[in-house]
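Okay, structure first, notes after.
Proteins get letters first, then strands, A, B, ... in listed order; numbering begins at 1 in each. Heavy-atom basis, side chains included; hydrogens, waters and symmetry copies ignored.
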2 protein chains.
Amino acid sequence: MIGTPINDRKAKRREATRLEIIDAAWAVARQHGLAALTLREVAARVGMRAPSLYSHFDSKNAIYDAMFGQAWHAFLDLVDATDPDLPGEPRARLKAVARQFFDFAVADVPRYQLMTQQVIAGFTPSAEAYAPAVQVIERLRQTLAQAGARDDQAMDLFTALVSGLVSQQLANEPGGQRWRRLIGRAIDMYADELNLPAPPPRTTAARRTP
Amino acid sequence: MIGTPINDRKAKRREATRLEIIDAAWAVARQHGLAALTLREVAARVGMRAPSLYSHFDSKNAIYDAMFGQAWHAFLDLVDATDPDLPGEPRARLKAVARQFFDFAVADVPRYQLMTQQVIAGFTPSAEAYAPAVQVIERLRQTLAQAGARDDQAMDLFTALVSGLVSQQLANEPGGQRWRRLIGRAIDMYADELNLPAPPPRTTAARRTP
DNA sequence: GTCTATACTGTGATAGAC
DNA sequence: GTCTATCACAGTATAGAC
């Protein structure tokens, strides 16, 4: 009795409603802040009463959980889509990765707060929602290894450096560029510490090595 | 009618009650988390009912505000008390400053969250409570200038680096040492970028330059 | 299955008696 | 100052309409 057209349509409708609710929740979070999200307001935006949300989510934290998974999945998709376009030169590659994370973080502050900080009191992401975050870390590990940073400490130092730039930007000058402009300098500093090769001098020819 | 012994005693008693309330609030925050703090529980710990707290604080956020100011003031006092004992050699000095901030942050997570992140929904610190934080930044600016890092970018890079180490430690391994152990490496990396002099080779003599 | 109405508990905050 | 009583609003459990 599973997989019939009727059940497919029901499941699709159900999933569509879930997405509507999550979208509404993002809208409320962006407008009033992540912690100020209320079920009544989310419900009102999708034309329901608050208790009706419990037909689709077990609790308010389950909504946060779905949002958490969606956010990390969006970043994972971005990472995978961008990968072929990344520059081959190690330093430029690391800078591009750092700027990608930075820009994604700064573009939607409540999303970034949910992804990284423990802003919500009793919320801990489920293993399922956390999975894409693990995959992002794995992609980063590969990128760093490719650039010549193979030990775990180099990885930890990179994440600390980039997340530190983001957190300072958001805390002290949200919407600004003061710490974003430091990314190039910061990554060069990092690459020097790892003895990564300096970028080759610019030439017009030989854009690809055969 | 101000400054009489009776008014002094009243003011002291009033200030003592305020401190009792703040201490109770810290205890609740450490036990249940900063955001899970409730006026009823704070009041119970000082033998009151919740509405009585409004005789001493205008709102719940006013309690957070007093906690915020107290926390930064405690760190400022620590910084000033430690200053004469800091090593003179620039790199060692920067490492000591970084470890001091790191250890203070990690020692009391709710305190650090209140000091740096926007964990509380509608809370913005007052100018008065923020003052000691500004002084801490000023001390840091002096320390960095003394070590040879005089531009604003160097300051921003330092704060990003250290706060990044803290945030990664707290997010991924609270109570551990994984990122703390990176402080030496991170600060050396930073000092190299600023072309600070390398530390002198260890000798038993000449511990001070005449 | 999906939604509503209702109600329970707990929150920060206010009003007024003592 | 501190109390009791009360309010508006939150999350959420339950029962029942369709």
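- For B/Asp23, there are no side-chain hydrogen bond (donor to acceptor under 3.5 Å, both in side chains) partners at least two apart in sequence or on another chain.
- Listed by first and then second residue, the ring pair (Phe, Tyr, Trp, His ring centres under 6.0 Å) pairs involving residues 140-191 of chain A are A/Phe158-A/Tyr190 (not counting sequence neighbours).
- Partners of B/Lys60 by side-chain hydrogen bond (donor to acceptor under 3.5 Å, both in side chains), not counting sequence neighbours: none found.
- One interatomic measurement links the two molecules: NE2 of B/His32 to P of C/dT11, which rounds to 11 Å at whole-angstrom precision.
- Remark: A/His56 is not in phosphate contact with C/dG1, judged by side-chain N or O atoms under 4.0 Å from OP1 or OP2.
- Per the geometry, CG belonging to A/Leu53 stands 19 Å off P belonging to C/dG1, to the nearest Å.
- The distance between atom CE of A/Met48 and atom C1' of C/dG1, rounded to the nearest whole Å, is 12 Å.
- Distances shown here put a side-chain N or O of A/Ser52 below 4.0 Å from the OP1 or OP2 atom of C/dT4.
- To the nearest angstrom, C1' of C/dT11 lies 12 Å from OH of B/Tyr64.
- Remark: B/Glu193 pairs with A/Arg185 by the side-chain hydrogen bond (donor to acceptor under 3.5 Å, both in side chains) rule, at least two apart or across chains.
- Atom P of nucleotide C/dT2 and atom CD of A/Glu15 are separated by 12 Å, given to the nearest angstrom.
- No contact: B/Arg13 has no heavy atom under 4.0 Å from any strand.
- Among pairs with a residue in residues 61-72 of chain B, those fulfilling side-chain hydrogen bond (donor to acceptor under 3.5 Å, both in side chains) read B/Trp26-B/Gln70, B/Asp65-B/Ser126, at least two apart in sequence or across chains.
- Checked against the 6.0 Å centroid criterion, the rings of A/Phe104 and A/Tyr112 do not qualify as a close aromatic pair.
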Mark up nucleotides 10-17 of chain D, 5' to 3', with B wherever a protein heavy atom is under 4.0 angstrom from a base atom, S wherever such an atom reaches only the sugar-phosphate, and - elsewhere. BBBB----
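- Look at A/Arg14 and you won't find any side-chain N or O under 4.0 angstrom from OP1 or OP2 of C/dG1.
- For A/Ile21 and C/dC3, the CD1 to C1' distance is 11 Å, given to the nearest whole Å.
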